[in-house]
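Residue indices begin at 1 and follow the sequence shown.
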Amino acid sequence: MRRLLIILTVLTLGAMGLSAQNPVIRDQYTADPTARVFGGKVWLYASHDIISPVEPERRWFCMADYHVFSSEDLMQWTDHGVILSQENVPWGNPKGYSMWAPDCVEKNGKYYFVFPNAPAEGFGFAIGVAVADSPQGPYKPREKAIPGVIGIDPCVLQASDGNTYIYWSGMGLQGAKINDDLTALEGAPVQLDKPLPEGFKEGPFIFEREGRFYLTYPWVQDKTETLAYAMSDNPLGPYEFKGIIMAQSPNECWTNHHSLVEYKGQWYLFYHHNDYSPSFDKNRSVRIDKVIFNEDGTIQPVTPTFRGVGITPAMSLIQIDRYSAIYHLGTSLGFMNPEKPFEGWYISLAQSGAWVRYDNVDFGETAPKNITFRYKAPKGCKVTVWLGEEEHFGPYDLPASGDFVTAKIPAGKDVTGLQSLKLTLDSGEDVKFDWISFD
Ligand code: FUB
């Protein structure tokens with residue numbers, strides 16, 4: 001008889017750890033992601049949403065500083081800490097809480113961090129630049145904002161024609177040539193959204209691929225922001241509308257803000273959603289999903305996922321609530337601790353036959369000895385972890401527990417390499433899973 005080793009311990013393990021899933025930053029809110037590749041790493045420059053320190057007057061977008069994050073595999077992200085705070089911007093309002101969507105570009109060994117902020121005098125937004133010798137800073141903000149750039153959401157393009165362009169949202173979508181050190185516009189701004197179908201909102205991201213220019217932007221047709229795009233042979237247009245990259249979100253996070261980046265031969269869409277703050281959509285979190293280009297250069301629509309990108313080691317805590325697919329008629333998500341959303345989620349399988357699938361789990365070259373479930377099943381349950389149509393771990397009987405506990409069981413199957421796991425409830429009701437893992 002198979003030895004069943006059950007550890008009935010209420011654990012306080014957090015949801016962090018090594019795993020490739022959405023959202024990618026799991027200990028603070030992050031929004032408006034601009035991803036850039038510098039020195040072989042991906043650098044993520046994002047807005048840092050916070051809960052307003054002066055509630056309820058500022059129950060709105062609220063950001064006092066910027067962090068930057070870097071990664072070599074899009075799974076493990078290093079937080080390099082605060083790179084700029086509102087108190088340190090000479091031209092800014094030190095209590096403006098308006099450090100909105102930024103960008104960063106490298107030119108001749110200098111890193112130019114470009115950011116919107118509330119000015120010390122007057123209303124609205126200006127856009128300034130802070131300069132550093134490395135992607136993580138320290139960044140030194142300039143004394144003055146860029147003259148003539150009034151608005152939000154800057155994006156800088158270094159085009160193959162040798163020129164640098166800046167785009168921003170202010171009285172529509174504006175674009176202009178800018179000088180080499182980003183201190184002054186060279187020429188009058190061109191309004192780029194006019195010939196496009198109505199609905200441009202903000203957050204333009206422009207990039208060049210195979211000699212063509214892509215203008216991608218949040219676009220509202222119904223309730224909330226989709227991500228749409230247009231293409232041109234010239235950085236300053238005219239641009240021809242092509243369609244939608246990402247549909248509006250079903251749960252009405254009003255904003256979506258994004259960037260596209262190619263890394264190690266694959267294109268990725270960085271975007272945001274209010275995963276950790278479902279009832280307040282101004283506290284958002286960065287996600288990543290893959291992007292595929294068609295032969296003719298058009299972009300295939302991207303479906304937002306919880307699973308995200310990357311490979312999850314079988315030995316890590318596999319957060320199956322960040323699933324690739326589910327059986328819709330019997331699964332739901334909940335926060336492990338609604339007071340502390342960053343502790344992550346559980347997935348509930350309500351009835352027998354319900355399942356959840358999690359792709360791209362790497363078992364490496366050595367078969368696991370044990371499988372561990374962290375779960376809660378008031379009446380106990382039976383589960384099987386399928387590897388395809390026929391191969392499977394289990395079935396396993398998990399004893400009744402009214403609290404989350406871990407059960408460590410001999411795996412009983414030799415499995416190596418990259419696998420998809422489909423956890424199926426064979427019997428039981430309302431069984432909640434926090435994670436599974438192998439050792
Ligand atoms: O984060 C504040 C604003 O929300 C950004 O500047 C917009 O693009 C939208 O994401």
Query raised in the report: Does Arg59 count as lying over the ring of Phe280, i.e. NZ or CZ under 6.0 Å from the six-ring centre, within 45 degrees of the axis?
Result: yes

Report summary line: Paired with Phe207, the ring-ring contact (aromatic ring centres under 6.0 Å, His included) test is passed by just one of Trp267, Tyr167, Phe213, namely Trp267

Report summary line: Here the gap from Ile288 atom CD1 to Gln21 atom CD, rounded to the nearest 0.5 Å, amounts to 11.5 Å

Report summary line: Asp281 and Trp254 have their tightest heavy-atom pair at OD2-N, 2.9 Å

Query raised in the report: Should we count CG of Asn108 as having more than 12 external heavy atoms under 6.0 Å?
Result: no

Report task. Verify whether one side chain among Tyr271 and Ser259 offers a donor that lies under 3.5 Å from an acceptor in the other. Result -> no

Report task. Side-chain contact test, heavy atoms from C-beta onward, threshold under 4.5 Å: evaluate it for Tyr268 versus Val309 and give yes or no. Result -> yes

Query raised in the report: Would you call Leu74 and Phe270 a side-chain contact if the rule is heavy atoms closer than 4.5 Å?
Result: yes

Requested in this report: Please round to the nearest 0.5 Å and tell me the distance separating atom OG of Ser316 and atom CE of Met75.
Outcome: 7.0 Å

Report task. Would you kindly say whether Arg212 and Ser232 are connected by a side-chain donor-acceptor distance under 3.5 Å? Result -> no

Report task. Kindly indicate, with the supporting measurements, whether the criterion ring pair (Phe, Tyr, Trp, His ring centres under 6.0 Å) is fulfilled by Trp435 and Tyr323. Result -> CA-CA 11 Å; Trp435 48 257; Tyr323 54 75; over 10 Å; no

Query raised in the report: Checking salt bridge (charged side-chain N to carboxylate O under 4.0 Å, His left out) for the pair Asp181/Lys110: CA distance, chi angles, key distance, verdict?
Result: CA-CA 9 Å; Asp181 59 1; Lys110 295 268 181 217; over 6 Å; no

Query raised in the report: Between Val356 and Ile320, what is the shortest heavy-atom contact and its length?
Result: CG2-O, 3.4 Å

Report task. May I ask you to check whether Ser71 and Gln76 show a side-chain donor-acceptor distance below 3.5 Å? Result -> no

Query raised in the report: Regarding Thr183 and Asn179, is there a side-chain donor-to-acceptor distance under 3.5 Å anywhere?
Result: yes

Query raised in the report: What distance separates Asp193 CG from Leu215 CG, expressed to the nearest 0.5 Å?
Result: 9.0 Å

Requested in this report: Using a strict 4.0 Å threshold on nitrogen-to-oxygen distance, state whether Glu240 and Lys242 make a salt bridge.
Outcome: yes

Query raised in the report: Roughly how far, to the nearest 0.5 Å, is CG of Leu260 from CD1 of Ile206?
Result: 11.0 Å

Query - Donor + acceptor pair across side chains of His272, Thr30 (<3.5 Å) - result: no

Query raised in the report: Any side-chain heavy atom of Thr424 sitting closer than 4.5 Å to one from Val385?
Result: no

Requested in this report: Apply salt bridge (charged side-chain N to carboxylate O under 4.0 Å, His left out) to Asp359 and Arg307, showing your working.
Outcome: CA-CA 8 Å; Asp359 295 341; Arg307 179 64 189 83; over 6 Å; no

Query - Ile127 side, atom CD1; Leu182 side, atom CG - distance, nearest 0.5 Å - result: 11.5 Å

Report task. Check whether any side-chain heavy atom of Asp321 sits under 4.5 Å from a side-chain heavy atom of Phe433, and report yes or no. Result -> no

Query raised in the report: Under the 3.5 angstrom rule, does the side chain of Thr331 hit a backbone N or O of Tyr327 as a donor-acceptor pair?
Result: yes

Query raised in the report: Does one side chain, of Lys107 or Thr164, offer a donor that lies under 3.5 Å from an acceptor on the other?
Result: yes

Query raised in the report: Is the cationic atom of Arg322 (NZ for Lys, CZ for Arg) positioned less than 6.0 Å from the six-membered ring centroid of Phe306 and within 45 degrees of its normal?
Result: yes

Query raised in the report: Without hydrogens or angle criteria, can the side chains of Asn283 and Asp49 be said to hold a donor-acceptor pair below 3.5 Å?
Result: no

Report task. Taking atom types as modelled, find out whether Asp403 and Ser401 have a side-chain donor-acceptor pair closer than 3.5 angstrom. Result -> no

Query raised in the report: Under 6.0 Å from the CD atom of Glu429, do we count more than 12 heavy atoms belonging to anything else shown?
Result: no

Requested in this report: Sequence neighbours left out, what passes salt bridge (Lys or Arg N to Asp or Glu O under 4.0 Å) with Asp65? Give chain and number order.
Outcome: none

Requested in this report: For this output row, return yes or no: ring centroids of Phe404 and Tyr375 closer than 6.0 angstrom.
Outcome: no

**Report entry** Note: Lys432-Asp430 ion pair, threshold 4.0 Å (strictly below)
**Finding:** yes

**Report entry** Within the 6.0 Å centroid threshold, strictly below: Tyr214 and Phe293
**Finding:** yes

Query raised in the report: Given Val89 and Met99, is the side-chain contact (heavy atoms from CB on, under 4.5 Å) satisfied, shown in steps?
Result: CA-CA 10 Å; Val89 179; Met99 306 199 93; 3.9 Å; yes

Report task. Verify the ring-centre separation between Phe335 and Trp345: is it less than 6.0 angstrom? Result -> yes

Query raised in the report: What do the steps show when you test Val131 against Arg142 for side-chain contact (heavy atoms from CB on, under 4.5 Å), and what is the final call?
Result: CA-CA 8 Å; Val131 187; Arg142 289 191 171 139; 3.7 Å; yes

Report task. Find the distance between CG (Asn360) and CG (Leu418) and round it off to the nearest 0.5 Å. Result -> 5.0 Å

Query raised in the report: Got Arg36 and Val42 here, is their nearest side-chain heavy-atom distance under 4.5 Å?
Result: no

Query raised in the report: Is the distance between the ring centroids of Trp100 and Phe125 under 6.0 Å?
Result: yes

Requested in this report: Give the intermediate values and the outcome of side chain to side chain donor-acceptor pair (under 3.5 Å) for residues Tyr217 and Ser169.
Outcome: CA-CA 10 Å; Tyr217 56 97; Ser169 172; over 6 Å; no

Query - Any donor-acceptor N/O pair, Tyr263 side chain to Gly40 backbone, under 3.5 Å - result: yes

Query raised in the report: Heavy-atom distance under 4.5 Å between the side chains of Leu44 and Trp77, does that happen here?
Result: yes

Query raised in the report: So, Ser285 versus His273: side-chain donor-acceptor pair below 3.5 Å or not?
Result: no

Query - Distance-minimising heavy-atom pair for Tyr139 and Ala130 - result: CD2-O, 3.4 Å

Query raised in the report: Side chains of Tyr29 and Asn274: closer than 4.5 Å at any heavy-atom pair?
Result: no

Report task. Provide the closest heavy-atom pair for Gly203 versus His258 in the form atom of the first, atom of the second, distance. Result -> O-CE1, 3.5 Å

**Report entry** Over all atoms of both residues, closest heavy-atom pair of Asn117 and Asn93
**Finding:** ND2-N, 4.5 Å

Report summary line: Sequence neighbours excluded, the answer for side chain to side chain contact (heavy atoms under 4.5 Å, CB included) partners of Lys144 is none

**Report entry** Candidate pair His67 and His80, rule side-chain contact (heavy atoms from CB on, under 4.5 Å), full reasoning
**Finding:** CA-CA 7 Å; His67 286 224; His80 297 274; over 6 Å; no

Query raised in the report: If we only count heavy atoms from C-beta on, is the Phe38 to Ser134 side-chain gap below 4.5 Å?
Result: no

Requested in this report: Quick one: list whatever passes ring pair (Phe, Tyr, Trp, His ring centres under 6.0 Å) with Tyr45, sequence neighbours left out.
Outcome: Phe113

Query - Stepwise side-chain contact (heavy atoms from CB on, under 4.5 Å) test for Asp439 and Ile371 - result: CA-CA 7 Å; Asp439 64 88; Ile371 180 170; over 6 Å; no

Query raised in the report: So, for Glu198 and Gln221, which heavy atoms are closest and what is the spacing to 0.1 Å?
Result: O-NE2, 3.0 Å

